[in-house]
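One structure below.
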Amino acid sequence: MGRRRHINQSRLRCLIPVVSAISGALLFLFALLSFLAPSPVDNDHLHHAIRRVSFNNGVNDIGVPVFRVPTSGGRLDRDLWSSKVSNFYYGCSNASNKFAKAEAITHPNRYLLIATSGGLNQQRTGITDGVVAARILNATLVVPKLDQKSFWKDASNFSEIFDVDWFISSLSKDVKIVKQLPRRGGKTWIPYTMRVPRKCSDRCYQNRVLPNLLKKHAVQLNKFDYRLANKLETDLQKLRCRVNYHALKFTDPIREMGEKLVHRMRLRSKHYVALHLRFEPDMLAFSGCYYGGGEKERKELGAIRRRWKTLHISNPDKGRRQGRCPLTPEEVGLMLRALGYGKSVHLYVASGEVYGGEETLAPLKALFPNFYSKDTIASKQELEPFSAFSSRMAALDFIVCDESDVFVTNNNGNMAKILAGRRRYFKHKPTIRPNAKKLYRLFLGRENMTWEAFASRVRSTQRGFMGEPKEVRPGRGEFHENPSSCICEDSEAKAKMDSGPRKLGRGNSVTKKDVGEAIDDQNDDVNEPDWFDPDDEENQSEPLGKGPYNETILDYDAFTSEEPELEELLSD
């Protein structure tokens with residue numbers, strides 16, 4: 001008996017290390033599995049905080065609201081992909097009977113040349129307004145020169161981006177256009193160069209440019225972007241629309257590749273959202289905005305900011321509070337989810353280098369895992385003919401964004417404005433522009449409210465920023481963003497709009513009260529980000545001034561004339 005007990009004790013002593021080893025291995029395996037397990041982002045809900053929180057009717061166990069983002073967009077009483085009201089509006093840009101033909105009003109020996117500035121969309125505004133300027137001056141327009149020396153470093157000329165023959169022929173009744181300035185006496189004709197102020201009216205052109213045109217016969221207007229007044233007579237406004245929406249057509253290679261990208265998005269889903277995401281380091285540095293990245297962010301953006309010796313911006317949080325800064329990728333994702341776009345939505349993203357890279361994009365990709373760009377749906381070989389040319393690559397994004405069911409932007413830059421206007425002209429396709437000033441307050445306090453409360457307030461805040469008809473009063477904002485002179489309403493729409501009560505989100509109509517509130521927000525100068533919008537009067541006695549909130553106001557030309565790198569920030 002004693003011998004057996006001794007044997008059992010010996011076996012037990014031998015088993016103890018084995019059991020301990022197995023237990024340790026199991027604990028290590030459990031810890032490893034816990035570490036590798038999907039985060040809350042991959043489950044049914046996303047959590048704003050890193051730690052998991054309990055959820056019980058919107059509050060945790062101690063009564064504090066829980067912010068937990070659902071994977072679905074929820075059930076809304078509006079169509080996410082179209083507006084019923086928009087069916088009763090259409091683009092109308094035909095000239096009136098009073099608008100004389102080009103051959104009747106064009107004076108011989110009067111040539112106007114245009115040298116545009118910036119990237120693709122900023123140049124597009126210059127081309128459009130250049131045609132109208134030639135019409136005002138009764139001059140022959142020479143096909144505009146594209147900016148090849150700015151930060152974009154794109155050597156493309158007009159005919160390599162736009163169909164030049166179509167451009168000339170489609171406008172032949174409005175303005176006489178030639179491909180190049182004719183030779184004079186067998187020699188190259190050097191035009192007289194000058195610049196006109198921002199928002200130059202038709203009288204301004206007649207007073208400033210016409211005398212030189214009569215004397216020199218050939219005048220080139222340099223740095224030509226946003227050089228034409230917003231308000232012109234109706235026929236000139238309609239000419240703007242004929243240029244921008246009909247005469248400016250991309251070349252066949254660009255259009256064909258763009259259509260391939262659109263087709264591939266359609267193969268993946270019936271509907272898709274396109275996002276123009278401006279969040280490049282240079283742009284953020286110039287804006288002076290701060291996004292909570294601590295000392296690392298301040299040092300990195302500060303180092304970039306020091307490239308501009310004349311740029312002095314204090315209190316970087318002020319821009320965010322005033323809605324002058326672009327939304328972060330995460331904030332765009334939260335806004336879209338609150339507006340009803342669920343996790344299954346397919347998202348095409350047009351962007352440059354994103355500050356913070358994949359770490360910055362991660363929250364947006366978690367919210368919308370069906371995340372695409374031209375680089376993910378096209379091969380390097382397909383993009384090779386375009387990849388060395390920033391404007392041609394931007395043109396591909398332009399096509400995919402324009403053809404999207406919903407277009408959304410995190411900024412109010414040139415591409416956002418051009419596409420907003422274009423989509424209004426072509427049946428008011430949904431175009432979401434963030435009401436950044438009010439959204440910032442919501443993003444800042446979102447941890448203190450439930451998702452339901454947050455989403456409801458986002459939907460309320462975005463009234464008037466969804467691309468619906470009559471969101472902006474005629475004549476307000478940039479004409480390229482709000483081409484109201486070129487949008488008509490038919491009698492059926494008039495009868496429909498005038499019958500019965502209307503509420504935003506129900507029947508996709510907008511009440512006068514809703515529109516009025518939206519207009520107040522849109523026309524609030526504080527809500528317009530001026531740090532990359534060149535549409536400012538340049539007739540200032542000093543290059544730097546103080547705005548209504550004592551912030552630094554930057555004169556665009558004071559920088560671009562000396563520091564051409566700013567073209568990137570002020571362009572697309």
Side-chain angles (χ1 to χ4, degrees), residues 106-120 122-162 164 167-168 175-229 243 391 534-540 543 555-568 570-571:
T106 305
H107 288 243
N109 235 7
R110 235 187 243 191
Y111 293 92
L112 183 69
L113 296 87
I114 298 295
T116 61
S117 291
L120 176 68
Q122 192 168 334
Q123 291 179 5
R124 191 179 187 114
T125 65
I127 295 167
T128 298
D129 292 347
V131 173
V132 180
R135 173 76 191 201
I136 291 170
L137 296 167
N138 298 328
T140 295
L141 177 71
V142 179
V143 169
K145 296 179 181 179
L146 302 188
D147 187 349
Q148 299 176 337
K149 297 180 180 180
S150 71
F151 191 83
W152 293 94
K153 300 292 188 297
D154 191 322
S156 301
N157 59 39
F158 187 100
S159 62
E160 290 171 317
I161 295 178
F162 300 107
V164 65
F167 177 73
I168 294 172
V175 176
K176 183 180 178 182
I177 304 175
V178 296
K179 291 185 179 180
Q180 58 187 9
L181 188 64
R183 296 174 69 84
R184 194 179 192 186
K187 298 180 181 179
T188 301
W189 190 350
I190 306 299
Y192 175 81
T193 59
M194 62 177 294
R195 291 167 70 179
V196 293
R198 303 240 172 234
K199 299 181 180 178
C200 195
S201 66
D202 49 356
R203 181 175 295 181
C204 168
Y205 277 92
Q206 290 163 358
N207 291 339
R208 291 174 179 254
V209 183
L210 186 57
N212 291 312
L213 198 56
L214 293 174
K215 183 186 297 185
K216 305 292 185 180
H217 303 295
V219 172
Q220 177 172 304
L221 303 179
N222 291 332
K223 293 283 183 182
F224 197 83
D225 56 354
Y226 298 94
R227 302 285 166 173
L228 188 61
V243 180
S391 290
D535 185 25
D536 292 318
E537 292 288 348
E538 70 176 1
N539 299 324
Q540 303 178 40
D555 177 70
Y556 172 79
D557 290 322
F559 287 108
T560 54
S561 59
E562 300 173 3
E563 300 169 276
E565 285 186 354
L566 287 179
E567 298 289 359
E568 177 185 27
L570 301 169
S571 185

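Values in this document were obtained by computation on a predicted structure and should not be read as measured data.
Residues passing the side-chain hydrogen bond (donor to acceptor under 3.5 Å, both in side chains) test with Ser156 are Asp154, Arg392, sequence neighbours excluded. Every residue two or more places apart in sequence or in another chain that forms a side-chain contact (heavy atoms from CB on, under 4.5 Å) with Gln206 is listed here: Ile136. Residues satisfying the side-chain contact (heavy atoms from CB on, under 4.5 Å) test with Asn157, not counting sequence neighbours, are Gln148, Ser159, Glu160. For Phe158, the ring pair (Phe, Tyr, Trp, His ring centres under 6.0 Å) test picks out Phe162, Phe167, with sequence neighbours left out.
Looking at heavy atoms from C-beta onward, Pro191 lies out of side-chain contact with Lys216 at the 4.5 angstrom threshold. Within the 4.5 Å cutoff, the side chain of Tyr226 has no heavy atoms near those of the Asp129 side chain.
Nearest heavy atoms, Val142 versus Leu181: CG1-N, 3.8 Å. Nearest heavy-atom pair, Tyr205 versus Cys200, reported as atom, atom and distance to 0.1 Å: CE1-O, 3.4 Å. For Ala229 against Ser201, the heavy-atom pair with the smallest separation is CB-CA, 3.9 Å.
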For a quick test of your reading: what N or O donor-acceptor pairs under 3.5 Å do the side chains of residues 107-115 make, sequence neighbours left out?
residue	atom	partner	partner atom	Å
His107	ND1	Arg110	NH2	3.4
Arg110	NH1	Leu137	O	2.8

Can you give me every donor-acceptor pair (side chain of residues 182-190, partner residue at least two apart or in another chain, under 3.5 Å) with its distance?
residue	atom	partner	partner atom	Å
Arg183	NE	Gly186	O	3.3
Arg183	NH2	Gly186	O	2.5

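Using a cut-off of 4.0 Å between Lys/Arg side-chain N and Asp/Glu carboxylate O, Arg227 and Asp225 are scored as salt-bridged.
Here the straight-line distance linking atom OG of Ser117 with atom CG of Leu146 works out to 11.0 Å at 0.5 Å rounding. With rounding to the nearest 0.5 Å, the separation of CZ in Arg124 from OG in Ser391 is 12.0 Å. The distance from atom CG of Leu213 to atom CE of Met194, rounded to the nearest 0.5 Å, is 10.0 Å. Atom OG1 of residue Thr116 and atom CG of residue Asp147 lie 6.0 Å apart, to the nearest 0.5 angstrom.
Residue pairs satisfying the side-chain hydrogen bond (donor to acceptor under 3.5 Å, both in side chains) criterion with at least one member in residues 133-145, sequence neighbours excluded, are listed as follows: Lys145-Gln220.
Of the possible donor and acceptor atoms, one in the side chain of Thr125 sits under 3.5 Å from a partner among the backbone N and O of Gln122.
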